[in-house]
Colleague: 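I'd like to ask you about the structure that follows.
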Amino acid sequence: MQYQWYPGHMSKAKRQIQDELKLVDVIVELVDARIPYSSKNPDIEKLAGSKPRVLLLNKSDLADEVRTKEYKQYYEEKGYYVVSVNAKGGAGVKNVSAVIKEACKEKRERDLKRGIIGRPLRAMIVGIPNVGKSTFINSFAGKNCTLTGNKPGVTKGKQWIRLNKELELLDTPGILWPKFEDQKVGLRIAWIGSINEDILDIRELAVTLLEYLYESYPGVIHTKYGIDECSDGNEALERIARKRACLKKGGEPDIDRAAGFIMDDYRAGKIGKITLESVQKV
Ligand code: G4P
C-alpha cells in the first residue's frame, strides 16, 4: 500500500514557519504519544537551529505509559525538554509553562545581563496535522488570556496570545509533515487515523494492526474480542468478524465492516492504552 499524504504547499509552509520562528524564543513541537517517532517532523531540528525545543507527547491518555516514559527519556537525551500531556482532558498541560521557562533559562539570564527586564518569552506551537495543536492551544491558553494585536516591528498580521506576564504564544500553529519517504511511518500514521480514510485500504490497516498487536501486546485482542489469537492478521480479522456476528447476507464474514470497527476501537482507546512503536525497535 502506498501512501500519499498532504500534497502540495509543503515548501511554502516550511518557509512560513522559518519566518515565524525568527519571532519566537522557543519552539514547542507536539507529537502523538502513540507514535512519537513517526509523528515527529524530521526537519524541525534544522528549522529550530539553536533555539530551545520543547516536545509534548500529546494524547498520552491513549498511549502506553511505560513506552511514554521511555520516549520521554529518549528525547531528553537528545536535548529536548519533554512533557507528557493530554490536551483534551487537561492532564499535564499546566506543567508546560514551567518547562518552557526552564528551556529558556539561558536566554532569560542573557536578557537580564543586558538589562532587558519583563519581556515575555515567545513560543510557537508546531506539529503534523491532527496531533492536537489547536486543542492544546485552547487548553493551555484557557480563558484567562488576552489576544495582543500587531506590534510595531513585528510582522504584520501576527496575533499573540498573552498567557501571563512571562509568556506569549503565536496564536496559529505551524503545520508540518511527517517523514514522507518511510512507508512504515505512513502505516503508523494511518493506524492512528491521521490520513484521509478515502485513500486507504481499511482491511490492510486492520490486518497489519492485528499482527502488530499479536506481537507487541499479546492478550489484548483476546481480551477485547474473545477470539483465540493467531499470528496471521487475515485469520484474526475473520475470527473477530464471526465472533461479533458481523456477517453478510449469505452468512460470509463482513471483513471490511469488521476492519472498520477494529480501527475505530483502537483509535478511541477501546483496545487499551497502546503505543505503536518503541524506542528499542524503530
Ligand atoms: P491539530 O490542530 O493538530 O490538527 O489537531 P486538533 O487539535 O484538531 O485535534 C485533533 C483531534 O485529536 C481532535 O479530535 C481532538 O479532540 C483530539 N485530541 C487532541 N488532543 C487530544 C488528547 O490529548 N487526547 C485525546 N484522546 N484526543 C485528543 P476530533 O475527533 O477531530 O474532534 P472531537 O471529536 O474531539 O471534537
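Since we're looking at a predicted model, the values are computed, not measured. We count ligands from 1, going down the list as the structure has it; atoms in each ligand are counted the same way.
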Colleague: Is the shortest distance from atom 34 (O) of ligand 1 to a protein heavy atom below 4.0 Å?
Modeller: no
Colleague: For D111 versus R119, what's the shortest heavy-atom pair and its separation?
Modeller: OD2-NH1, 4.0 Å
Colleague: For a side chain to side chain donor-acceptor pair (under 3.5 Å) with R203, tell me which candidate from N234, T208, D256 qualifies.
Modeller: D256
Colleague: S60 to ligand 1: N or O pair under 3.5 Å?
Modeller: no
Colleague: Could you please spell out the steps behind the side chain to side chain contact (heavy atoms under 4.5 Å, CB included) verdict for V82 and Y74?
Modeller: CA-CA 10 Å; V82 186; Y74 174 80; over 6 Å; no
Colleague: Is it the case that the side chain of K59 and the backbone of V131 share a donor-acceptor pair, with hydrogens and angles ignored and the cut-off at 3.5 Å?
Modeller: no
Colleague: Could you identify the single nearest non-hydrogen protein atom to atom 4 (O) of ligand 1 and state the distance to 0.1 Å?
Modeller: N130 N, 2.9 Å
Colleague: In terms of hydrophobic clustering (I, L, V, M, F, W, Y; side-chain heavy atoms under 4.5 Å; direct or indirect links), are V66 and Y37 co-clustered?
Modeller: no
Colleague: With heavy-atom distances below 4.0 Å as the criterion, list the atoms of ligand 1 near K133.
Modeller: 1 (P), 2 (O), 3 (O), 4 (O), 5 (O), 7 (O)
Colleague: Tell me which protein heavy atom sits closest to atom 18 (N) of ligand 1, plus the residue, atom name and distance to 0.1 Å.
Modeller: K59 CE, 3.7 Å
Colleague: Taking heavy atoms and a distance under 4.0 Å, where does L62 meet ligand 1: side chain, backbone, both or neither?
Modeller: side chain
Colleague: For D61, counting its heavy atoms only, list the atoms of ligand 1 lying under 4.0 Å from any of them.
Modeller: 22 (C), 23 (O), 24 (N), 25 (C), 26 (N)
Colleague: Looking at atom 30 (O) of ligand 1, is any protein heavy atom nearer than 4.0 Å to it?
Modeller: no
Colleague: Can you report which non-hydrogen protein atom sits closest to atom 19 (C) of ligand 1, along with the distance?
Modeller: T135 OG1, 3.5 Å
Colleague: Look up atom 12 (O) of ligand 1 and tell me if a protein heavy atom lies less than 4.0 Å from it?
Modeller: yes
Colleague: Hey, does G132 come in under 3.5 Å of ligand 1, counting only N/O atoms on both sides?
Modeller: yes
Colleague: Is the ring pair Y75/Y80 parallel, tilted or perpendicular, if the boundaries are 30 and 60 degrees?
Modeller: perpendicular
Colleague: So do the side chains of I227 and H222 get within less than 4.5 Å of each other, counting heavy atoms only?
Modeller: no
Colleague: What protein heavy atom sits nearest atom 20 (N) of ligand 1, and how far off is it?
Modeller: N58 ND2, 3.1 Å
Colleague: Does atom 24 (N) of ligand 1 have any protein heavy atom closer than 4.0 Å?
Modeller: yes
Colleague: I'd like to check which ligand 1 atoms, numbered from 1 as shown, lie under 4.0 Å from a non-hydrogen atom of A87.
Modeller: 20 (N), 22 (C), 23 (O)
Colleague: On the 0 to 90° scale, with breaks at 30° and 60°, tag the F140-F136 ring pair as parallel, tilted or perpendicular.
Modeller: parallel
Colleague: Is it possible for you to check whether K270 lies under 6.0 Å from the centre of the six-membered ring of Y266, through NZ or CZ, and within 45° of that ring's axis?
Modeller: no
Colleague: Specify the protein heavy atom at minimum distance from atom 16 (O) of ligand 1: its residue, its atom name, and the distance to 0.1 Å.
Modeller: K88 CD, 3.7 Å
Colleague: Could you list which atoms of ligand 1 come closer than 4.0 Å to a heavy atom of S134?
Modeller: 2 (O), 7 (O)
Colleague: Find the distance between CG (L55) and NZ (K78) and round it off to the nearest 0.5 Å.
Modeller: 11.5 Å
